[in-house]
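The structure displayed is predicted, hence computed values, not measured ones.
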Amino acid sequence: MSARVAMKSPETLDAGLPALSGRLALVRTRKDAFDLLASFLRAQGLPDLILTFIPPGDLANQTVQWSTLASETSDRVRSIGFDGRDPVRRFARRAIEPFMWTCDEWPGEKSAFARDVMTNLRRAGVEGGVSVAVWGRGGRVAIADAIAAPSVLRTLPPSFLDLFFVATVLTARTIERLSLVRGRTPLSRREIEILELAAQGLTNSAVAEQ
């Protein structure tokens, strides 16, 4: 991963959200929605994305995941335990806000297993990232991990975490909509209102105030 990534200004990041929202409204497949989020993040200097959808309870074996990592790296990352049992995803499911982490410093569990996972992640070429969990209908959860080197993470503007959250919500809701069968339940008036505010570039805090 290259450390020489020019980050865009907060104003440029804000401007990208309406475009992302408009493009998501036109996609026909879940993979297309994932690709749009990955492209949005890549434009901001975060080169790779892992997006995992975990069904509730007994359906957890039906987890769906997309990744921009090379297939060999992606397989290795899963094999070392970065699959939901790891400290990053476990913390994400309890956290309210997006958070940054590196293989040297991460929130939550610091057990021997957690340290082994993070050490092996670094050996696999995954040095850090930004993660967030978005809860959906019926207990489903989407976890987005934007992967980047620590040197890139240090250049992120403070507004990036809010924008990452909103972009992930927009993408997760699109994928959820595309996953529903015919006769699916439409979005509620409140859900539509939240998406419209997010598409205007409001942060999650501003959406909550509205």
Side-chain angles (χ1 to χ4, degrees), residues 10 12-44 46 48-57 59-68 84 88-100 129-147 159-210:
T12 305
L13 289 169
D14 284 335
L17 275 177
L20 174 65
S21 178
R23 290 170 185 157
L24 285 170
L26 301 175
V27 300
R28 296 184 178 275
T29 71
R30 299 179 300 173
K31 177 61 164 53
D32 287 343
F34 165 78
D35 287 342
L36 281 176
L37 178 60
S39 178
F40 173 80
L41 294 172
R42 195 176 301 115
Q44 322 313 327
L46 289 95
D48 283 300
L49 172 68
I50 303 171
L51 183 60
T52 310
F53 271 77
I54 306 171
L59 299 176
N61 63 333
Q62 299 178 18
T63 294
V64 177
Q65 184 176 94
W66 296 275
S67 173
T68 62
V88 173
R89 267 72 169 277
R90 286 169 65 87
F91 183 83
R93 295 182 71 157
R94 300 193 305 271
I96 298 174
E97 302 284 348
F99 59 93
M100 296 183 192
V130 185
S131 297
V132 67
V134 175
W135 293 88
R137 296 174 183 267
R140 286 185 292 270
V141 61
I143 301 179
D145 304 293
I147 306 300
S159 62
F160 177 80
L161 293 181
D162 283 335
L163 293 162
F164 177 55
F165 175 81
V166 173
T168 301
V169 168
L170 290 170
T171 305
R173 295 294 179 262
T174 300
I175 290 175
E176 196 168 43
R177 171 176 57 80
L178 292 168
S179 299
L180 296 175
V181 297
R182 256 179 293 180
R184 57 185 178 266
T185 304
L187 292 174
S188 68
R189 181 186 63 79
R190 178 55 57 84
E191 288 173 324
I192 293 172
E193 181 183 353
I194 290 171
L195 288 176
E196 288 175 344
L197 291 170
Q200 294 172 25
L202 273 69
T203 65
N204 58 326
S205 299
V207 170
E209 290 176 2
Q210 289 286 340

With a cut-off of 6.0 Å (strictly less than), are more than 12 heavy atoms of other residues, nucleotides or ligands near CZ of Arg140?
yes
Arg89: which residues meet the side-chain contact (heavy atoms from CB on, under 4.5 Å) condition with it, sequence neighbours left out?
Ile50, Thr52, Gln65, Phe82, Asp86, Ile143, Asp145
Hey, does Trp66 have a side-chain heavy atom less than 4.5 Å from the side chain of Leu37?
no
Heavy-atom closest pair, residues Phe164 and Ser131:
CE2-C, 4.0 Å
Just so I know, are the side chains of Asp162 and Glu97 near enough to count as touching, which here means a heavy-atom distance under 4.5 Å?
yes
Minimum heavy-atom distance Arg93-Trp135, with the two atoms named
O-CZ2, 3.5 Å
Check: Leu49 and Ser67 side chains under 4.5 Å, non-hydrogen atoms
no
Would you say Leu178 and Thr29 make side-chain contact, with heavy atoms under 4.5 Å?
no
Heavy atoms of Met100 and Val130 approach each other most closely as CG-CG2, 3.9 Å
State whether the side chain of Ser39 and the backbone N or O of Asp35 hold a donor-acceptor pair below 3.5 Å, judged by distance alone.
no
Looking at CZ of Phe165 and CD1 of Ile96, how far apart are the two atoms once the value is rounded to the nearest 0.5 Å?
10.0 Å
Leu17 vs Phe40 side-chain heavy atoms within contact, under 4.5 Å
yes
Closest contact, heavy atoms only, Phe99 versus Ala92:
CE2-CA, 3.6 Å
Could you list the residues that satisfy side-chain contact (heavy atoms from CB on, under 4.5 Å) with Ala33, not counting sequence neighbours?
Leu24, Val27, Thr171, Thr174, Ile175
Intermediate values then yes/no, side chain to side chain contact (heavy atoms under 4.5 Å, CB included), Val64 and Phe34
CA-CA 12 Å; Val64 177; Phe34 165 78; over 6 Å; no
Tell me, with the steps shown, if Arg42 and Thr68 meet side chain to side chain contact (heavy atoms under 4.5 Å, CB included).
CA-CA 10 Å; Arg42 195 176 301 115; Thr68 62; 3.9 Å; yes
Sequence neighbours excluded, the answer for side-chain contact (heavy atoms from CB on, under 4.5 Å) partners of Arg94 is Arg90, Phe91
